[in-house]
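This is a predicted model, so every value here is computed, not measured.
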Amino acid sequence: MTRKKVSYKTVSLLVVLTVFLSTFLAVLPASAASRGAWAPNTSYAVNDTVTYNGSTYTCIQAHTSLVGWEPSNVPALWGRSGGGGTTPTPTPNPTPTPNPTPSPVTKPAEVPSHIWTYVMNADNAYGKGGDFALLLSAVIKKESSFGAGLPGSPSAGDGLMQVEPNTRNAYLSPFSAKFGHAYNHSSEQDQVYMGALILNEKIVRFGDIYNGLLHYNGGDYWYPGATDSYGRPILADQYANSVYVTYKGYGGRN
């Protein structure tokens, strides 16, 4: 009778221990979760792994990804894995922030206040922390001298950012989807929004700001030595150089 009672208690303890261990192990985080190709607007946890441009990266800080936060651009969020696929040890961070906020930018002295309002509104629409506003200001300076070069201009380009009719017509639907209203040709804010939409698309498509500027000016199929239908050279490189220098002079970070 005594031996049966001891045996029953032993079995009961083993069952309880087994259930406890199963539950404990089930809630332990995986050392690394493979999330496939990196994508914007996606939540990533520490130790998640992604692939980007042929390389494997491991998440160092939990965050929700944004366009412009590609793993190769934000070492504070992603560590590149070694050739053998080994996950690097994250750098300890006593106060991690899910979405690091870039330091604020200052309005360049030569940019008119109303232009700065337009570009900051566009920057906020893309969550760029002010850096995009600096770039848009540099483009507006190049395209229209902040609007001063528009009176009497024969150009068919649209206002502050001089987007050509065929180009802006191609982006009318994406514009409405992004900004929630139809494009207003006479609105300076919409002129900036339209230019921002196109420029951001070029930056994302061609990999960085400089290449985005090349194709914003020269078109998707521009290449060094490209000419227009009259055989004249398309000097997109000179355009990109000029705008990029102004942008960096304003304090551009990329």
Side-chain angles (χ1 to χ4, degrees), residues 38 40-41 60-78 93 95-150 158-163 171 174-175 178-180 187-217 236 238-254:
W38 179 89
N41 305 312
I60 295 173
Q61 292 190 45
H63 65 284
T64 298
S65 59
L66 296 172
V67 172
W69 288 12
E70 292 80 4
S72 59
N73 294 340
V74 280
L77 300 180
W78 296 99
N93 186 350
T95 55
T97 54
N99 291 304
T101 302
S103 57
V105 298
T106 303
K107 181 184 83 66
E110 68 176 356
V111 178
S113 295
H114 69 288
I115 299 292
W116 187 247
T117 298
Y118 298 150
V119 297
M120 280 302 299
N121 287 341
D123 185 288
N124 290 335
Y126 289 95
K128 300 289 190 178
D131 191 68
F132 197 36
L134 298 177
L135 178 61
L136 292 171
S137 296
V139 172
I140 293 171
K141 178 182 179 180
K142 177 68 174 177
E143 293 286 0
S144 66
S145 298
F146 304 119
L150 292 178
D158 219 11
L160 295 175
M161 296 192 71
Q162 290 292 287
V163 178
Y171 283 86
F175 181 96
K178 176 65 179 179
F179 298 106
S187 164
E188 289 190 335
Q189 179 65 82
D190 276 7
Q191 293 167 12
V192 174
Y193 278 156
M194 177 63 82
L197 174 73
I198 299 169
L199 181 55
N200 184 70
E201 188 267 337
K202 301 307 179 193
I203 292 170
V204 172
R205 180 172 179 181
F206 294 101
D208 57 37
I209 284 175
Y210 184 80
N211 282 297
L213 288 169
L214 284 175
H215 295 282
Y216 178 82
N217 179 256
Q238 293 184 17
Y239 175 92
N241 290 340
S242 175
V243 173
Y244 193 75
V245 166
T246 300
Y247 157 74
K248 295 298 283 187
Y250 287 163
R253 296 187 288 253
N254 296 295

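- Side-chain contact check for R253 versus L134: every heavy-atom pair is 4.5 Å or farther apart.
- Between L199 and I209, the closest side-chain pair of non-hydrogen atoms is not below 4.5 Å.
- The two residues G195 and V163 come nearest to each other via the heavy atoms CA-CG2, 4.1 Å.
- Pairing each heavy atom of M120 with each of G130, the nearest pair is SD-CA, 4.3 Å.
- In this structure, F132 and Y126 have perpendicular ring planes: the angle between them is above 60°, well past the 30° mark.
- Remark: L197 CG to N200 CG distance equals 7.5 Å, nearest 0.5 Å.
- Put simply, the side chain of M194 does not reach to within 4.5 Å of the side chain of F179, judged on heavy atoms.
- Between Y193 and K178, the closest side-chain pair of non-hydrogen atoms is not below 4.5 Å.
- Using a 4.5 Å heavy-atom threshold, the side chains of L213 and L135 count as touching.
- When all heavy atoms of M161 and A196 are compared, the pair lying nearest together is SD-N, 4.1 Å.
- Judged by distance alone, with hydrogens and angles left aside, the side-chain atoms of S65 form a donor-acceptor pair with the main-chain N or O of N41 at under 3.5 Å.
- Taking 4.5 Å as the limit, every side-chain heavy atom of W69 sits out of range of all side-chain heavy atoms of P40.
- Remark: the backbone N or O of N254 is paired with a side-chain donor or acceptor of Y247 at under 3.5 angstrom.
- Under the 3.5 Å distance criterion, the side-chain polar atoms of S187 are matched with a main-chain donor or acceptor of D190.
- Summarising the geometry of Y250 relative to A138, their closest heavy-atom pair is CE1-N, 3.8 Å, with the distance given to 0.1 Å.
- Residues Y171 and K202 approach most closely at OH-NZ, 3.3 Å, considering heavy atoms.
- Here the side chains of D123 and L136 are not in contact, with every heavy-atom distance at 4.5 Å or above.
- With values rounded to the nearest 0.5 angstrom, K141 atom NZ is found 3.5 Å from E110 atom CD.
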Under the criterion side-chain contact (heavy atoms from CB on, under 4.5 Å), I'd like the reasoning laid out for V243 against T246: C-alpha separation, chi angles, the key distance, then a yes or no. CA-CA 5 Å; V243 173; T246 300; 5.8 Å; no
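- To the nearest 0.5 Å, atom OG of residue S144 and atom CD1 of residue I115 are 6.5 Å apart.
- Summarising the geometry, atom OG1 belonging to T117 is positioned 9.5 Å from atom NZ belonging to K107; distances are rounded to the nearest 0.5 Å.
- A distance-only check finds a donor-acceptor pair linking the side chain of Q191 to the backbone of L160 [under 3.5 Å].
- With hydrogens and angles disregarded, a donor-acceptor distance shorter than 3.5 Å links the side chain of S137 to the backbone of A133.
- Contact annotation: the side chain of Q189 approaches that of N121 to within less than 4.5 Å [non-hydrogen atoms, C-beta and beyond].
- In terms of heavy-atom proximity, V139 sits nearest to Y216 at CG1-CE2, 4.0 Å.
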